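Working notes, beginning with the structure itself.
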Amino acid sequence: MKRLWMAFGAVLVLSFSVLGWIGTRIYQEAPPIPASVVTTEGQAVFGQGDIPAGQNVWQSMGGMEVGSVWGHGSYVAPDWTADWLHRELVFVLNEWAQAQWNKGYDQLGAEQQAGLRGRLEEMYRRNTFDPARETIVIEPVRARAIQANVAYYTALFANGQTAYAIPKGAVPDPERARKMASFFWWSAWSASTNRKNDTITYTHNWPHEPLVGNRPTGESVMWTGVSILMLLAGICAMVWWYASQKEEPIGETPKTDPLAGWRSTASQVATLKYFWVVAALILVQMIMGMVTAHYGVEGDGFYGIPLSKWLPYSVTRTWHVQVGIFWIATAWLAAGLYIGPLVSGVEPKFQRLGVNVLFGALLVIVAGSLAGEWMSVQNRLTDVQSFLWGHQGYEYVDLGRGWQILLFAGLLIWLALVVRSVRPALKVAGDQRHLLWLFLVSSAAIGLFYGAGLTWGQHSNLSIVEYWRWWVVHLWVEGFFEVFATTIIAFFFTRLGLVRPGLAARSALLSATIYLAGGIIGTCHHLYFSGTPTVAIAWGSVFSALEVVPLVLVAYAALDDLRRGRATQWALRYKWPVYYFVAVAFWNMVGAGLFGFMINPPIALYYMQGLNTTPLHGHAALFGVYGMLGIGLMLVCLRAMGQEGEWNDRWMKFAFWSMNIGLFAMCVGSLLPVGLMQTWASVDHGYWYARSQEFLQTPMMQTLRWMRAPGDTLFALGAAALVAFVLKTRAKSASA
């Protein structure tokens, strides 16, 4: 165990050292934000503070929940970076063509078009930022193109656009729309302007835009090859390691259920309402998901109901994402609160009070943050108020800064409650102590790492925000929650006597070490094209490939869990929690592994970022892995909490298979083919076209988007059965 702990510590220290060093490079080399943009003739285009203010306008109306910037965000509206850039380029080409040949650009011959494209590329890729004056100087023709784009976007966000699910009055103030347009322009400038003394843009030539010479860089191609080699090498090493291990026998199992005589403590009974809230939030997320998906084919309503007047797409998608995170986190936090007394056998003084206070705080945060996001999108808050209590506009961390701070405080309270409930067990010698320490380390990481979401300010450079945002999304959710869940599952089987504490501790610690070895630095695979230096591509591509390695062989652990769940007759009472753990392994392999690696290599993500291949991975990994895991942990606690009588096996069977089959049908029946068709369009025509109304509104694409309905419906029925089951659950009386 000592060697395993040393390896675990070494992975943490070395990985965070590399990730921190990459962060310093991002701070140093992020695309500059100019104080002013002027023409060569001295005409002012954008002034002091316009771009940061425009970023805040974009955030307050929903930000990444209304289209995307640099490929990060939602999928119905365009990517504003690519859309702005293409419109600006076409304007300039047409003006030049009219001035020289009195024709539109599309009417010119191939040689004439090539000449204009060469002239265009030279003008756009030349970096004219003056650090001393903090000024960008552009040609007058670009200023005219910018004016045309400002007029277009002002009308778009004032009048709305059904195809983009943008309602009328999204940004009604022309001055605020102009400032928001300046932010879109800056994101496009970063994507088409070479870094100083370099031949690639700040976003590594993303998006694919042939008109301005944006094509994959040599680094993207090379590091894709290296990442694939690392994946194959990692899989080979893992297979050899598994082959070298002796099979561990289950050993003698208890004759009766060790938890049969357990009476939940007062604090454990208090966690039951957490699970009721989890069930309610699952229902809310499911409804919001159905409405959000439908906006993709009927942008201003829901089967004829003009729902966008009250719940526009940006709100329903925000709530769909946020509620999903809330219920998954609540299930896991409640499981941590329940397992403490179960492991130590001790109920700390005032533990129930702490559990109840935390529950009330979480309710306030959930309700308050969702209400604030709605008010922000409805233009009922100022930009400053929106940042603090409304909508931050950054996907997965949409809630306002004030709510973030309160949530962080709530997580620290949770950590304190978990530590005080587990501490008595640390005094007992034995192998279980190693498992307890890993549990506490992962609990501390969950409590503390959400703090990364407090590192950026209202006017921070988007590259800096993206760096820290993915600390929350990838490290907090995909990293340490994984370690926490692995440890709790190990506790579950240890407490039932189906696995020895020493073996459980070794397996959990080894799994955590292997996963974090790729997962921490692998965070950078989200940052390839977010205004980051080449080191993000190099390290991110290699280590994100290593993330996939342990997922390839998760079936071993899943089959072990299944075998333990069938070891004795009484163990069958835990059949459905075990089935959800097996489902986690399946979706880890398919959703996180297969669908994740499909978009992770730089050359793949260059064309696929922000297409429907992203929600394919997102749905299969977030719900398939973390959602199923949250449900499994919830069912473990409910089983231990109230065991009078048998569970309704028919309901549980229907819920399990309906949700899993429905999720699979949603992924392969709609999201995958839509994403692949978009990828073809991105490669063939340019990224802007893959996200455009012209492409997405074609009959074939509309049909493929409608094909989500069967899978969504089956999934919804299964989720409803699960919710009804949970809400009927009652706990035994607490012990004296």
Side-chain angles (χ1 to χ4, degrees), residues 3-19 21-22 219-247 438 470 474-475 477-483 485-486 506-528 534-560 584-605 608 613 617 620-621 624-625:
R3 290 182 178 179
L4 284 175
W5 276 111
M6 291 177 63
F8 181 74
V11 163
L12 289 179
V13 172
L14 293 175
S15 296
F16 277 111
S17 296
V18 172
L19 188 60
W21 169 70
I22 293 173
E219 291 90 344
S220 295
V221 176
M222 182 189 71
W223 288 111
T224 293
V226 173
S227 70
I228 294 173
L229 288 176
M230 289 298 294
L231 172 64
L232 296 175
I235 291 174
C236 292
M238 185 68 74
V239 169
W240 275 90
W241 183 84
Y242 263 94
S244 69
Q245 302 304 300
K246 294 181 180 180
E247 184 175 355
L438 184 59
W470 287 109
H474 186 91
L475 282 178
V477 175
E478 298 182 35
F480 288 103
F481 264 52
E482 183 90 12
V483 178
T486 300
R506 288 195 302 273
S507 298
L509 189 54
L510 180 63
S511 298
T513 303
I514 293 173
Y515 188 82
L516 293 178
I520 294 174
I521 301 176
T523 303
C524 292
H525 80 260
H526 299 283
L527 303 173
Y528 295 157
T534 304
V535 292
I537 289 183
W539 288 89
S541 59
V542 171
F543 281 85
S544 66
L546 293 178
E547 282 186 90
V548 181
V549 172
L551 304 181
V552 174
L553 299 175
V554 291
Y556 280 91
L559 292 176
D560 283 342
V584 168
F586 172 81
W587 287 110
N588 240 329
M589 181 176 62
V590 175
L594 181 62
F595 294 155
F597 189 73
M598 180 176 73
I599 63 175
N600 275 4
I603 193 64
L605 196 61
M608 289 181 170
T613 47
H617 164 59
V625 178

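Remember, predicted model here, so these are calculated numbers, not experimental data.
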For the student: nearest non-hydrogen atoms of [X] and [Y], plus distance:
X	Y	answer
Gly540	Cys524	CA-CB, 3.6 Å
Met238	Ile514	CE-CG2, 3.7 Å
Ala620	Phe595	CB-CD1, 3.9 Å
Thr534	Glu219	CG2-CG, 3.6 Å
Ser227	Ser541	CB-O, 3.3 Å

Atom [atom1] in [X], atom [atom2] in [Y]: separation rounded to 0.5 Å?
X	Y	atom1	atom2	answer
Ile22	Ile537	CD1	CD1	11.5 Å
Thr523	Glu547	OG1	CD	7.0 Å
Leu527	Leu605	CG	CG	10.5 Å
Thr224	Leu229	OG1	CG	11.0 Å
Ser511	Arg506	OG	CZ	12.5 Å
His617	Met608	NE2	CE	12.5 Å

Does any N or O in the side chain of Thr513 come within less than 3.5 Å of the main-chain N or O of Ala7, such that one atom is a donor and the other an acceptor?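 Flag not set: sc Thr513 to bb Ala7 has no pair under 3.5 Å.
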Kindly assign one of parallel, tilted or perpendicular to the pair His526 and Trp470, based on the angle between their ring planes and the thresholds 30° and 60°.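 It falls in the parallel class, under 30°.
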If the plane angle is over 60° it's perpendicular, under 30° parallel, otherwise tilted; pick one for Trp539 and Phe543. parallel
Any side-chain hydrogen bond (donor to acceptor under 3.5 Å, both in side chains) involving residues 590-604? Give me the pairs, sequence neighbours left out, ordered by first then second residue. His525-Asn600
With Tyr528, which of Ser544, Ser220, Pro601 fulfils side-chain contact (heavy atoms from CB on, under 4.5 Å)? Ser544
side-chain contact (heavy atoms from CB on, under 4.5 Å) between Leu231 and Val549: does it pass, once the steps are laid out? CA-CA 6 Å; Leu231 172 64; Val549 172; 4.2 Å; yes
Under 3.5 Å, which donor-acceptor pairs link side chains of residues 10-19 to any protein atom two or more places apart or in another chain?
| residue | atom | partner | partner atom | Å |
| --- | --- | --- | --- | --- |
| Ser15 | OG | Val11 | O | 2.7 |
| Ser17 | OG | Val13 | O | 2.7 |

